[in-house]
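Count residues from 1 along the sequence. Computed over heavy atoms, backbone and side chain alike; hydrogens, waters and symmetry mates excluded. Just so you know, ligand 1 is whichever comes first in the structure, and atom 1 is the first atom listed for that ligand.
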Amino acid sequence: MPVPPSCVLTDIEGTTSAIAFVKETLFPFAQAELDAFLDARADDPEVAAILAEVRAAAPGEDPRAVLRRWMQQDAKVTPLKTLQGLIWRAGYLDGRLKGHLWPDVAPCLRAWARAGLRLAVYSSGSVEAQRLLFGHSVAGDLTPLFAGFFDTRVGGKREAASYATIAAGLYLPPAEVLFLSDVAEELDAAAAAGLRTCQLVRAEDGMRACGRHAEATDFLGVARLHGLPAATG
Ligand SMILES: CSCCC(=O)C(=O)COP(=O)(O)O
Ligand SMILES: [Mg+2]
């Protein structure tokens, strides 16, 4: 039996949640609401700060056009991710959005937390967006299960330094943290920083194993492979 990690750090899109939920529900929602949101919140300092970041990144361009282009490109840039989180908030609060989780996810997270494992999230989605998705999920409010939420403010998901920063932020040696993701390059970066890794290869998302990391089709498989407690339902 492998020595279990003391912390599980999880990605969201393609790992806890369907890629289709992010691409076909969340992203179009933010795109459709962009203009109305910016018009309504023009004087909000938080929104003004985001627009200033956009202007700094693309000087001389209309920030709305830049945001739309980033949305089109699925660019993982912090100002866009922060803004999407703010736009989604209204949708989660009034029930138009509910955070998708694959059925194996919540029972496993609960079992692992009950067993004393620390749980954390690392996603390109902003911390606000992560809290909303897990706080208004199809399985209820899971936010109390998590000891930490990390986004691109710590660095990009394909950079080893980001994972070293996260492990330090959790006060854990990197080797005690197991990182779960569907994306090989993210797992490569985590492994380079000394984290344990496991690729989620979810058939429903059409994912393919890269062959460079341990792999599981769902969180029950993760538990089996890494000596974590089994979910009891
Ligand atoms: C917090 S849910 C929205 C996810 C998102 O915006 C995104 O770009 C997906 O990134 P991930 O790192 O979870 O694959
Ligand atoms: Mg992912």
Side-chain angles (χ1 to χ4, degrees), residues 8-34 50 67-93 96-102 105 109 119-139 141-143 145-146 148-159 162-163 166 178-190 195 197-210 213 215-219 222:
V8 175
L9 175 69
T10 185
D11 163 59
I12 294 179
E13 180 187 346
T15 300
T16 61
S17 309
I19 292 175
F21 169 66
V22 176
K23 296 217 183 317
E24 292 166 23
T25 299
L26 288 182
F27 288 171
F29 185 97
Q31 211 156 357
E33 299 285 325
L34 178 70
I50 292 169
L67 285 163
R68 273 198 212 90
R69 186 171 71 238
W70 285 344
M71 285 176 165
Q72 215 66 46
Q73 298 167 339
D74 188 10
K76 308 293 187 190
V77 285
T78 303
L80 170 64
K81 293 286 142 191
T82 307
L83 186 67
Q84 284 173 325
L86 297 180
I87 297 174
W88 291 329
R89 185 194 324 204
Y92 280 110
L93 293 184
R96 280 177 293 162
L97 293 174
K98 213 158 220 4
H100 176 265
L101 298 174
W102 293 114
V105 170
L109 291 177
L119 304 178
V121 179
Y122 181 30
S123 169
S124 304
S126 67
V127 166
E128 159 111 33
Q130 298 170 23
R131 287 184 178 280
L132 286 165
L133 187 149
F134 285 106
H136 302 268
S137 88
V138 291
D141 179 6
L142 301 188
T143 55
L145 301 180
F146 292 102
F149 294 90
F150 301 91
D151 61 21
T152 51
R153 289 179 185 94
V154 301
K157 293 183 77 187
R158 297 176 186 211
E159 292 162 26
S162 307
Y163 298 87
I166 291 173
L178 170 65
F179 178 55
L180 309 179
S181 176
D182 57 321
V183 175
E185 292 79 2
E186 296 175 4
L187 295 162
D188 293 343
L195 278 73
T197 53
C198 185
Q199 184 180 20
L200 267 294
V201 186
R202 292 194 180 270
E204 302 91 330
D205 277 336
M207 211 34 83
R208 299 257 295 275
C210 68
H213 301 273
E215 60 205 53
T217 55
D218 57 23
F219 275 27
V222 172

(Q) Need the ligand 1 atom indices (1-based, order shown) with element for anything under 4.0 Å from a heavy-atom of Leu133. (A) 2 (S)
Q: Would you mind telling me if ligand 1 is within reach of the side chain of Ile12, the backbone, both or neither, using heavy atoms under 4.0 Å?
A: both
Q. Counting heavy atoms only, which part of Tyr122 comes closer than 4.0 Å to ligand 1: side chain, backbone, both or neither?
A. neither
Q: Compare all side-chain heavy atoms of Leu133 with those of His100 and state whether any distance is below 4.5 angstrom.
A: no
Q.
Which heavy atom of Leu34 sits nearest to which heavy atom of Arg68, and what is that distance?
A. CD2-CG, 3.9 Å
(Q) Considering non-hydrogen atoms of the protein only, which is the closest contact for atom 13 (O) of ligand 1, and what is the distance? (A) Ser123 OG, 2.8 Å
(Q) Ignoring hydrogens, what is the shortest heavy-atom contact between Val8 and Leu180? Give both atom names and the distance. (A) CG1-CD1, 3.6 Å
Q: Output the list of atoms in ligand 1 that are nearer than 4.0 Å to some heavy atom of Lys76, sorted by atom number.
A: 7 (C), 8 (O), 9 (C), 10 (O)
Q.
Side chain, backbone, both or neither: which applies to Phe149 and ligand 1 if a contact is any heavy-atom pair less than 4.0 Å apart?
A. neither
Q) Can you name the nearest heavy-atom pair linking Tyr163 to Leu195, along with the distance? A) CB-CD1, 3.7 Å
Q) Against heavy atoms of Ser124, which atoms of ligand 1 measure under 4.0 Å? A) 8 (O), 10 (O), 11 (P), 12 (O)
Q) Can you list the protein N, O or S atoms less than 2.8 Å from the Mg ion (ligand 2)? A) Asp11 OD2, Glu13 O, Asp182 OD1
Q. Of all the atoms in ligand 1, which lie at a distance below 4.0 Å from a heavy atom belonging to Lys157?
A. 11 (P), 12 (O), 14 (O)
Q. So, for Lys76 and Glu13, which heavy atoms are closest and what is the spacing to 0.1 Å?
A. NZ-OE1, 3.8 Å
Q.
Only heavy atoms of Trp88, strictly under 4.0 Å: list the atoms of ligand 1 that pass.
A. 3 (C), 6 (O)
Q) Does any N or O in the side chain of Gln199 come within less than 3.5 Å of the main-chain N or O of Asp182, such that one atom is a donor and the other an acceptor? A) yes
Q) Against heavy atoms of Lys81, which atoms of ligand 1 measure under 4.0 Å? A) 5 (C), 6 (O), 7 (C), 8 (O)
Q.
Show me which atoms of ligand 1 lie under 4.0 Å from any heavy atom of Ala129.
A. 1 (C)
Q: Decide side-chain contact (heavy atoms from CB on, under 4.5 Å) for Leu97 and Leu132; before the verdict, give the C-alpha distance in whole Å, the side-chain angles of both, and the deciding distance to 0.1 Å.
A: CA-CA 10 Å; Leu97 293 174; Leu132 286 165; over 6 Å; no
Q: For side-chain contact (heavy atoms from CB on, under 4.5 Å), just list the numbers for Arg96 and Glu33, CA-CA rounded to whole Å, side-chain angles, deciding distance to a tenth of an Å, and then say yes or no.
A: CA-CA 12 Å; Arg96 280 177 293 162; Glu33 299 285 325; 3.6 Å; yes
Q: Check ligand 1 against Asp11 and write out every atom of the ligand that is under 4.0 Å from a heavy-atom position of the residue.
A: 11 (P), 12 (O), 13 (O), 14 (O)
Q. Nearest protein heavy-atom contact for atom 9 (C) of ligand 1: which residue, which atom, what distance?
A. Glu13 OE1, 2.9 Å
Q) Side-chain contact, heavy-atom cut-off 4.5 Å: Arg131 with Phe146? A) no
Q: Classify the side-chain pair Thr152/Thr78 by whether it contains a donor and acceptor separated by less than 3.5 Å.
A: yes
Q. Which atom pair, heavy atoms only, marks the closest approach of Thr16 to Val105?
A. O-CG2, 3.6 Å
Q | Heavy-atom closest pair, residues Phe134 and Leu109 | A | CE2-CD1, 4.4 Å
